[in-house]
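One structure is given here, and the rest of the page talks about it.
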Amino acid sequence: MDAMQLALDEARAAAARGEVPVGAVVLGPDGAVLARAGNRTEADCDAAAHAELLALRAAARRLGAPRLPGCDLVVTLEPCPMCAAAISLFRVRRLIFGAYDPKGGGVEHGARVFDAATCLHRPEIVGGVREGEAAALLRDFFAARR
């Protein structure tokens with residue numbers, strides 16, 4: 001199963017828990033799944049419990065290292081500025097994301113964290129992977145709450 005499918009599965013599980021449907025998967029240098037997570041901001045009462053941060057932290061613990069060089073992060077939504085900064089600090093090799101986020105994104109939109117002169121590490125970026133499916137999850141989630 002491909003990593004974006006796993007991330008979408010995590011996003012669907014998050015939605016089923018009442019969380020904003022975002023899922024993330026960290027792949028090791030060999031392509032093996034090191035960690036996967038969905039948003040847990042509501043369940044954990046933690047505004048920073050974004051899928052990306054949870055997955056990155058779990059992968060780092062699994063490897064026993066504070067940085068993840070050679071690892072890839074696959075996430076269903078363009079990361080926010082907080083998550084983009086964390087991706088830089090974790091030294092992720094490649095960021096692959098699904099839906100673009102013109103309102104809250106921090107990679108291709110908004111703060112554009114990786115373009116800042118103060119950014120210490122810029123991963124390779126691949127956006128728009130299974131964008132339609134990832135965006136539909138978010139649209140449907142929010143439409144059901146309006």
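It should be emphasised that the depicted structure is a prediction, and the values quoted were computed from it without experimental measurement.
The shortest non-hydrogen separation linking Ala134 to Leu8 is CA-CD2, 4.0 Å. The minimum heavy-atom distance between Phe97 and Ile125, with the atom names listed, is CE2-CG2, 3.8 Å. Contact record, Cys83 with Leu53: SG-CG, 4.2 Å, taken as the closest heavy-atom pair. Across all their heavy atoms, Leu95 and Phe114 have their closest contact at CD2-CE1, 4.1 Å. Heavy-atom minimum distance, Ala35 versus Ala59: CB-N, 3.6 Å. Among all heavy-atom pairs drawn from Ala3 and Leu27, the shortest one is CB-CD1, 3.8 Å.
Here the rule is side-chain contact (heavy atoms from CB on, under 4.5 Å) with Val107, and of Pro79, Pro123, Pro81, Cys80 only Pro79 fits it.
Rounding to the nearest 0.5 Å gives a distance of 10.0 Å between CD1 of Ile96 and CG of Asp2. One distance of note links CG of Leu77 with CG of Leu138; it measures 5.5 Å at 0.5 Å rounding. To the nearest 0.5 angstrom, Met4 atom CE is 10.0 Å from Glu131 atom CD. Note that CD of Glu133 and CZ of Arg12 are 5.0 Å apart. Values are rounded to the nearest 0.5 Å. Going from atom CG of Asp72 over to atom CG of Leu34 covers 10.0 Å, rounded to the nearest 0.5 Å.
Within the 3.5 Å criterion, the main-chain N or O of Gly127 finds no donor-acceptor partner in the side chain of Glu108. Judged purely by atom type and a 3.5 angstrom limit, His121 uses its side chain to pair as donor or acceptor with the backbone of Val92. Side chain of Thr76 to main chain of Gly23: a donor-acceptor pair is present (N/O by atom type, distance under 3.5 Å, no hydrogens or angles). Panel note: side chain Asn39, backbone Ala14; no donor-acceptor pair is recorded below 3.5 Å. Between the side chain of Arg91 and the backbone N or O of Arg67 there is no donor-acceptor pair closer than 3.5 Å.
A side-chain hydrogen bond (donor to acceptor under 3.5 Å, both in side chains) check over residues 15-36, counting only residues at least two apart or in different chains, returns the pairs Glu10-Arg36, Glu19-Thr41.
Linking Ile, Leu, Val, Met, Phe, Trp and Tyr whenever their side-chain heavy atoms come within less than 4.5 Å leaves Val129 and Tyr100 in two separate clusters. Using a 4.5 Å cut-off between side-chain heavy atoms of Ile, Leu, Val, Met, Phe, Trp and Tyr, with links allowed through other members, Leu137 and Val74 fall into the same hydrophobic cluster. Two different hydrophobic clusters hold Val26 and Val126 under the rule that ILVMFWY side chains link at heavy-atom gaps under 4.5 Å. Hydrophobic clustering (side-chain heavy atoms under 4.5 Å, transitive across Ile, Leu, Val, Met, Phe, Trp, Tyr) keeps Leu89 apart from Met82. Residues Val75 and Val20 share a hydrophobic cluster, clusters being chains of Ile/Leu/Val/Met/Phe/Trp/Tyr side chains in contact below 4.5 Å.
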Give the intermediate values and the outcome of side-chain contact (heavy atoms from CB on, under 4.5 Å) for residues Leu73 and Glu52. CA-CA 8 Å; Leu73 175 65; Glu52 301 96 318; 4.1 Å; yes

